[in-house]
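Structure in structure tokens, see below.
Predicted, not measured: the structure shown is a model, and the values here were computed from it. Residue indices begin at 1 and follow the sequence shown.
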Amino acid sequence: MVKLVLQNDFSPGTGNALQACVASVMELPLNAVPNFITDADPYAALHRFSAEKGLGFFKVETTDGALPFPPSTPDKQVFCILAGKSPRGDLVERLLLR
């Protein structure tokens, strides 16, 4: 259901954590997924890539650090890509969660 794909570019501002998360969810090799962060509009690039695979992507803002709804139900597992402030400085980290 998910294949672990690890980030291999840790460059500030252009690293490929999002690319690795998407590759993991789609069970694709890292080199088959673009590094969306390097695109002029990363979310538009992610939408295009997802649509090509017959999938969708949506961004949900959190309130007080919590989703406004449960992402999964007892019969459906939903994978989420969490983005948040990095402890390494003025960066955004991305993690794949279930």
Side-chain angles (χ1 to χ4, degrees):
M1 188 153 162
V2 169
K3 180 180 105 180
L4 179 62
V5 177
L6 299 176
Q7 175 182 6
N8 64 6
D9 180 350
F10 299 90
S11 305
T14 60
N16 65 344
L18 179 59
Q19 177 187 13
C21 287
V22 172
S24 294
V25 170
M26 294 187 179
E27 298 184 342
L28 296 170
L30 189 64
N31 64 358
V33 177
N35 183 353
F36 306 104
I37 299 304
T38 61
D39 193 277
D41 187 342
Y43 287 112
L46 179 52
H47 281 286
R48 285 191 305 272
F49 182 78
S50 298
E52 290 169 4
K53 306 290 184 199
L55 300 170
F57 170 84
F58 65 96
K59 181 178 179 180
V60 178
E61 297 291 331
T62 60
T63 303
D64 297 324
L67 288 173
F69 55 86
S72 297
T73 61
D75 62 327
K76 301 281 186 219
Q77 292 293 311
V78 175
F79 291 90
C80 301
I81 298 172
L82 174 69
K85 184 170 175 3
S86 170
R88 297 183 294 137
D90 191 23
L91 306 169
V92 175
E93 296 284 354
R94 287 163 186 86
L95 305 167
L96 181 60
L97 304 171
R98 176 171 49 158

Shortest non-hydrogen separation from Pro29 to Lys3 and the atoms involved: N-NZ, 4.0 Å
ILVMFWY cluster, Leu55 and Val5 together (side-chain gap under 4.5 Å): no
Distance-only polar pair, side chains of Asn35 and Asp9, donor-acceptor under 3.5 Å: no
Within-4.5 Å side-chain heavy-atom neighbours: Leu28 and Lys53: yes
Point-to-point distance, once rounded to the nearest 0.5 Å, from CD of Gln19 to OG1 of Thr14: 11.0 Å
Residue pairs, two or more places apart or on separate chains, that pass salt bridge (charged side-chain N to carboxylate O under 4.0 Å, His left out) and touch residues 16-27: none
Selection residues 16-36 - residue pairs positive for ring pair (Phe, Tyr, Trp, His ring centres under 6.0 Å), sequence neighbours left out: Phe36-Phe49
Nearest heavy atoms of Gln7 and Ala20, plus distance in Å: N-CB, 3.6 Å
Pairwise side-chain contact, Met26 with Ser50, heavy-atom cut-off 4.5 Å (strictly under): yes
Separation between OG1 of Thr38 and CG of Leu18, rounded to the nearest 0.5 Å: 10.5 Å
Any residue meeting side chain to side chain contact (heavy atoms under 4.5 Å, CB included) with Ala44, in chain and number order, not counting sequence neighbours: Asp41, Arg48
Linked, directly or transitively: Ile37 and Leu30 (ILVMFWY side chains, under 4.5 Å): no
